Colleague: 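Take this structure first; my questions come after.
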Amino acid sequence: MTPTATAGAATPATPPTAPASTGGSVPALGGLPYVPSPRDVPTGDARQLTRVFFERLRSLEEGTRAYQYVRNTLIEMNISLVHFAARPFRDRPGGPENEDVVQVGIIGLIKAIDRYDPDRNTQFATLAVPYITGEIKRHFRDTTWSVRVPRRLQELRVELAKATEELTSVSEHAPTPAELAAHLGLTEDEVRQGLVAANGYSTQSLDAPQQPTAGGAQAPAAGPAGRSLAETLGDTDPALEAVEDRHALAPLLADLDERSTRILQLRFGQELTQAEIGAELGLSQMQVSRLLSRTLGTLRAELLHD
């Protein structure tokens, strides 16, 4: 199979040769050392071999088996540059241990290989590391923000973080938007916009426990578990709906005669049956039913009228 350069690790094939007796169409790679395991080449040797392979690469026609072998071998020999460039990102989510970051770094390495010019007499690593780092940064910029914000605000977040650290070390207090603006040569509105946009870098679930604070200080980790935001939000209390009705009903109840008031107390306060109320007041169950219906009807009509 013809080896191809991809974002992943390429496996170098045996250098193609074209013996004169066979009349092969692939150019011979005489004088070019064969590297059976490019990833295992020591750094010092890889630097020298990289120069040799680049000299041969520019003499080959792109798309040929010989070209692909030399290019893939260069990728394999310089994979260590990807791991080196990824080290500063080890504390970020999806750092160097994340295979995606390595794959992204290899894309930057391939771009550097395609753009390197040996005639400039510079070390390949001088060009490759910025390409790899830039590709990794672009990966974090485009994939790690929870909320997409314009690129200028993403870059402003980094500047604000650096400025905040510098000013805090000098003044020993968190800088104000005005101080940040003066330090960065921006307007206060631009600083505030950047601070708001920075909140979109990471988000937190509404169900995540909120750590209780005391005087603005973070509570100790060993303290009681906080409640989620949803648990701290109020909800509609069904009893509140009856407050207005009770308030309107109070003066109407005060105007009732003593017997009607007593019947309502026994029926709805003590929850007695109509027969029990009749026995209590010396009335028949039928009389209690009529009095109760008439009283409730009167109250309902006056409430609706008001």
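Each residue takes its place number in the sequence, starting with 1. Source: prediction; values computed, not measured.
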Colleague: With a 4.5 Å cut-off on side-chain heavy atoms, are Val288 and Leu266 touching?
Modeller: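 No; the side chains remain at least 4.5 Å from each other.
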Colleague: Could you grab the distance from atom CD of Glu244 to atom CG of Leu303, nearest 0.5 Å is fine?
Modeller: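 Here the interatomic distance stands at 10.5 Å.
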Colleague: Answer yes or no: does atom NE2 of His247 have more than 12 heavy-atom neighbours from other residues, nucleotides or ligands under 6.0 Å?
Modeller: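 No, not enclosed.
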Colleague: Report yes if the side chains of Leu253 and Leu299 come closer than 4.5 Å at any heavy-atom pair, otherwise no.
Modeller: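 A side-chain contact exists here, since the closest heavy-atom pair is under 4.5 Å.
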Colleague: Measuring from Phe53:CZ to Asn72:CG, what's the distance to the nearest 0.5 Å?
Modeller: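 Those atoms lie 11.0 Å apart.
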Colleague: Sort and list the pairs that fulfil ring-ring contact (aromatic ring centres under 6.0 Å, His included) and have at least one residue in residues 99-122, not counting sequence neighbours.
Modeller: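 Every ring-ring contact (aromatic ring centres under 6.0 Å, His included) pair that includes a residue of residues 99-122, provided the two are not neighbours, is Phe54-Tyr116, Tyr116-Phe124.
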Colleague: To the nearest 0.5 Å, how far apart are CG in Leu252 and CZ in Arg300?
Modeller: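 The distance works out to 12.5 Å.
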Colleague: With sequence neighbours left out, what residues match Thr126 under side chain to side chain contact (heavy atoms under 4.5 Å, CB included)?
Modeller: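 Testing Thr126 for side chain to side chain contact (heavy atoms under 4.5 Å, CB included), a comparison that skips the adjacent residues, returns Gln123.
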Colleague: Establish whether Leu81 and Val52 are linked, either directly or via other cluster members, by ILVMFWY side-chain heavy-atom contacts under 4.5 Å.
Modeller: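 Yes, it is one cluster - the side chains of Leu81 and Val52 are joined through contacts under 4.5 Å.
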Colleague: Taking all heavy atoms of Pro175 and all of Leu167, pick out the closest pair and write down the distance.
Modeller: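 For Pro175 versus Leu167, the nearest heavy atoms are CB-CD1, 3.7 Å.
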Colleague: What are the two closest heavy atoms between Leu264 and Thr295, and how far apart are they?
Modeller: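 Looking at all heavy atoms of both residues, the closest pair is CD1-CG2, 3.9 Å.
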Colleague: Is the side chain of Thr64 donor-acceptor paired with the backbone N or O of Glu61 at a distance under 3.5 Å, no angle test?
Modeller: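 Yes: the side chain of Thr64 pairs with the backbone of Glu61.
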Colleague: Verify, without hydrogens or angle tests, whether Ser260 (side chain) and Leu256 (backbone) share a donor-acceptor contact under 3.5 angstrom.
Modeller: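 No; zero donor-acceptor contacts below 3.5 Å.
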Colleague: Nearest heavy-atom pair of Met77 and Ala46: which atoms, and what distance?
Modeller: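 Scanning both residues, the minimum pair turns out to be O-CB, 4.0 Å.
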Colleague: Tell me, with the steps shown, if Leu291 and Leu283 meet side-chain contact (heavy atoms from CB on, under 4.5 Å).
Modeller: CA-CA 10 Å; Leu291 288 170; Leu283 301 172; 3.9 Å; yes
Colleague: Would you mind reporting whether Arg51 and Pro118 have side-chain heavy atoms less than 4.5 Å apart?
Modeller: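 Contact flag for Pro118/Arg51 side chains = yes.
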Colleague: To the closest 0.5 Å, what do you measure between CG (Leu74) and CG (Leu109)?
Modeller: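 Result: 9.0 Å between the selected atoms.
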Colleague: Return yes if some donor-acceptor pair links the side-chain N/O of Arg138 with the main-chain N/O of Val104 below 3.5 Å, else return no.
Modeller: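 The answer is no, because no donor-acceptor pair under 3.5 Å joins these two groups.
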Colleague: State, with a plain yes or no, whether a side-chain heavy atom of Ile277 is found less than 4.5 Å away from one of Thr273.
Modeller: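 Side chain of Ile277 against side chain of Thr273, heavy atoms only: no contact under 4.5 Å found.
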Colleague: Provide the full list of salt bridge (Lys or Arg N to Asp or Glu O under 4.0 Å) pairs with a residue in residues 177-186, sequence neighbours left out, each pair given once.
Modeller: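 Qualifying pairs: none.
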Colleague: Can you find a pair of side-chain heavy atoms, one from Val170 and one from Glu166, that are under 4.5 Å apart?
Modeller: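 Answer no - side chains too far apart.
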Colleague: Under the criterion side-chain contact (heavy atoms from CB on, under 4.5 Å), I'd like the reasoning laid out for Leu127 against Thr122: C-alpha separation, chi angles, the key distance, then a yes or no.
Modeller: CA-CA 8 Å; Leu127 174 71; Thr122 58; 5.8 Å; no
Colleague: To check you understand the geometry: which heavy-atom pair defines the closest contact between Ala163 and Leu184, and what is its length?
Modeller: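 For Ala163 versus Leu184, the nearest heavy atoms are CB-CD2, 3.9 Å.
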Colleague: Going through the distances and angles, do Leu57 and Tyr69 end up as a side-chain contact (heavy atoms from CB on, under 4.5 Å)?
Modeller: CA-CA 9 Å; Leu57 182 67; Tyr69 163 74; over 6 Å; no
Colleague: Any salt bridge (Lys or Arg N to Asp or Glu O under 4.0 Å) involving residues 254-273? Give me the pairs, sequence neighbours left out, ordered by first then second residue.
Modeller: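 Salt bridge (Lys or Arg N to Asp or Glu O under 4.0 Å) check on residues 254-273 returns Arg262-Glu280.
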Colleague: Going hydrophobic residue to hydrophobic residue with side-chain gaps under 4.5 angstrom, can you get from Val191 over to Val158?
Modeller: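 Val191 does not cluster with Val158.
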Colleague: Can we say Arg192 and Glu188 salt-bridge, meaning some charged N sits less than 4.0 Å from an Asp/Glu carboxylate O?
Modeller: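 Yes, charged N to carboxylate O under 4.0 Å.
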Colleague: Under the salt bridge (Lys or Arg N to Asp or Glu O under 4.0 Å) rule, collect the residues that match up with Asp45, sequence neighbours excluded.
Modeller: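 With sequence neighbours excluded, Asp45 shows a salt bridge (Lys or Arg N to Asp or Glu O under 4.0 Å) to no residue whatsoever.
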Colleague: How long is the span from the CE atom in Met286 to the CD atom in Gln274, to the nearest 0.5 Å?
Modeller: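 The distance works out to 9.0 Å.
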Colleague: Could you list all the salt bridge (Lys or Arg N to Asp or Glu O under 4.0 Å) pairs where at least one residue sits in residues 110-124, not counting sequence neighbours?
Modeller: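 Checked against salt bridge (Lys or Arg N to Asp or Glu O under 4.0 Å) - neighbours excluded - the pairs reaching residues 110-124 are Arg58-Asp119, Arg71-Asp114, Lys111-Glu135.
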Colleague: Can you tell me how far the CG atom of Leu180 sits from the NZ atom of Lys162, to the nearest 0.5 Å?
Modeller: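 Those atoms lie 14.5 Å apart.
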Colleague: Could you pull out the closest heavy-atom pair between Ala85 and Ile132, with the gap in Å?
Modeller: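 Closest heavy-atom pair between Ala85 and Ile132: CB-CG2, 3.6 Å.
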Colleague: Could you check whether any side-chain N or O of Ser59 sits under 3.5 Å from a backbone N or O of Arg56, counting only pairs where one atom can act as donor and the other as acceptor?
Modeller: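 Yes, the answer is positive, given that a donor and an acceptor are paired below the 3.5 Å cut-off.
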Colleague: Looking only at heavy atoms, which two atoms of Gly194 and Leu160 are closest? And how far apart?
Modeller: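 For Gly194 versus Leu160, the nearest heavy atoms are C-CD1, 3.7 Å.
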Colleague: Using the side-chain contact (heavy atoms from CB on, under 4.5 Å) rule, take His183 and Glu159 through it: C-alpha gap first, then chi angles, then the decisive distance, then the call.
Modeller: CA-CA 10 Å; His183 184 76; Glu159 295 177 9; over 6 Å; no
